[in-house]
Amino acid sequence: MLAFILRRLLQSVGVLLAVGLIAFAMFRFAGDPVNQLVAPDTPYAERLQIRQSLGLDDPVLVQFARYAGNAMRGQFGNSYQFRQPVSTLLAERMPATLELALCATVFALTAGILMGVYSALHRDSVGAKLLQAISLVGVSLPTFLIGILLIFLFSVTLGWLPSYGRGDTVRIGWWTTGFLTVSGWKALVLPSITLGLFQMTLIMRLVRAEMLEVLRTDYIRFARARGLTTRSIHFGHALKNTLVPVITVAGLQLGSIIAFSIITETVFQWPGMGLLFVQAVQNVDVPIMAAYLLLVALIFVTINLVVDLLYTIVDPRLRLSVRRAA
């Protein structure tokens, strides 16, 4: 198992280095950073001095090594727009994005697995067909349209939930949370449903298809022949084996939720990293874009590593193959 983890870690380091090279290239080919820092009428001598102070006159390999070393320490330079360290800006926005992603993931997993199991066990019922229709709607509609429809229904028409913002938050050290206030929970409802709806429908359809396949296998027939209860067969055997591919999709979707929360945060003006990235694109703020790219890559790599480890916990056959490989 240790050798398996070490191999995955080495692969993760290679991925992060590749992404770091792409992020570094953004600095060099997205324009001259000095033009973003000074006024158009700044003298050439002052521009040259700024370039030397930033190390832009050094060889490319030296600049990349310096950038990679600073990124490993969590230092991504200063934002051109906000004139603040990028790490500080990301740290301020990260709690909002992570809390939104957590709520969206819990909603997608809980609703998706329950709806998938129900539609598989009662596939010919009216409720199962209704859930299938809902899943088609959730897959077909774009995220921004779902958000606008929810705002129109629950904020404009009914007035039950806020249409933008994060609500009241409580600061715990450097972390700010909306979980401790009523307005914070209300503000989370609509963006969480908007962000998690596509993932919920995907998980539901996957669970339904996999569970129908598992229920047709021989060991399920043998379990019925042995006289096991229906509950034990469905939830102790069938569902457990159904969760192996679900873990893969759920893990990757969690990374997607964090990476692609940009649209949801823009629609609801959610003060997270996605909204900060949109503002950086509008103002060609390359340090923020590069740092966001690296952060998303780190999240995906970490999630993939956790998913690989969960595989060996859920499926005993994988534990055996890992031991043989070791």
Side-chain angles (χ1 to χ4, degrees), residues 15-40 42 47 50-51 53-56 58 60 63-102 104 143-144 164-166 169 171 174-176 178 191 195 254-303:
V15 171
L16 289 176
L17 285 176
V19 175
L21 181 60
I22 296 173
F24 172 75
M26 292 177 61
F27 278 106
R28 297 192 56 82
F29 300 109
D32 190 354
V34 178
N35 294 332
Q36 304 291 332
L37 296 173
V38 299
T42 303
R47 288 172 178 266
I50 293 175
R51 290 185 63 85
S53 64
L54 294 176
L56 298 177
D58 296 333
V60 176
Q63 293 185 42
F64 177 70
R66 182 170 55 243
Y67 173 78
N70 291 334
M72 292 177 62
R73 296 194 298 270
Q75 299 175 3
F76 302 99
N78 292 327
S79 166
Y80 301 153
Q81 176 187 3
F82 298 99
R83 310 295 182 180
Q84 296 180 28
V86 174
S87 56
T88 302
L89 294 172
L90 291 177
E92 292 175 352
R93 303 293 188 101
M94 187 181 299
T97 297
L98 292 183
E99 288 188 359
L100 176 60
L102 176 63
T143 302
F144 72 89
Y164 67 93
R166 196 182 174 195
T169 59
R171 180 172 291 276
W174 65 273
W175 188 274
T176 57
L195 187 58
L254 175 58
S256 300
I257 284 175
I258 297 175
F260 303 117
S261 62
I262 298 172
I263 298 175
T264 302
E265 292 187 6
T266 303
V267 171
F268 291 93
Q269 287 299 291
W270 189 263
M273 295 187 297
L275 184 60
L276 179 66
F277 178 78
V278 171
Q279 295 171 348
V281 172
Q282 293 172 345
N283 295 279
V284 199
D285 201 338
V286 179
I288 291 181
M289 292 190 289
Y292 184 81
L293 179 63
L294 275 174
L295 183 60
V296 169
L298 178 62
I299 291 172
F300 266 102
V301 165
T302 304
I303 290 174

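Two residues are said to be in side-chain contact when any heavy atoms from C-beta on lie closer than 4.5 Å; Leu89 and Phe82 meet this criterion. Counting only heavy atoms from C-beta outward, the side chains of Pro287 and Phe76 never approach each other to under 4.5 Å.
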>> As a quick check of understanding, evaluate side chain to side chain contact (heavy atoms under 4.5 Å, CB included) for Leu16 and Leu298, giving each step before the final call.
In response: CA-CA 7 Å; Leu16 289 176; Leu298 178 62; 4.0 Å; yes
> Do Leu275 and Gln269 pass the side chain to side chain contact (heavy atoms under 4.5 Å, CB included) test, and can you show the C-alpha distance, the side-chain angles, and the key distance before you say yes or no?
Replying inline: CA-CA 7 Å; Leu275 184 60; Gln269 287 299 291; 4.0 Å; yes
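Residues meeting the ring pair (Phe, Tyr, Trp, His ring centres under 6.0 Å) test with Phe277, sequence neighbours left out: Tyr292. When the side-chain contact (heavy atoms from CB on, under 4.5 Å) test is applied to Val19, the partners found at least two apart in sequence or on another chain are Val15, Leu293, Leu294, Ala297.
Ile288 contributes atom CD1, which lies 4.5 Å from atom CG of Leu276 (distance to the nearest 0.5 angstrom). For the atom pair CG (Asn78) and OG1 (Thr88), the distance works out to 8.5 Å, reported to the nearest 0.5 Å.
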Only distances under 3.5 Å count here; give the side-chain donor-acceptor pairs of residues 91-101 to other protein atoms, sequence neighbours excluded, each with its distance to 0.1 Å.
| residue | atom | partner | partner atom | Å |
| --- | --- | --- | --- | --- |
| Arg93 | NH1 | Gly272 | O | 3.3 |
| Thr97 | OG1 | Glu265 | OE2 | 2.8 |
| Thr97 | OG1 | Met273 | N | 2.7 |
| Glu99 | OE1 | Arg166 | NH2 | 3.2 |
| Glu99 | OE1 | Gly178 | N | 3.2 |
| Glu99 | OE2 | Trp175 | NE1 | 3.3 |
| Glu99 | OE2 | Thr177 | OG1 | 2.7 |

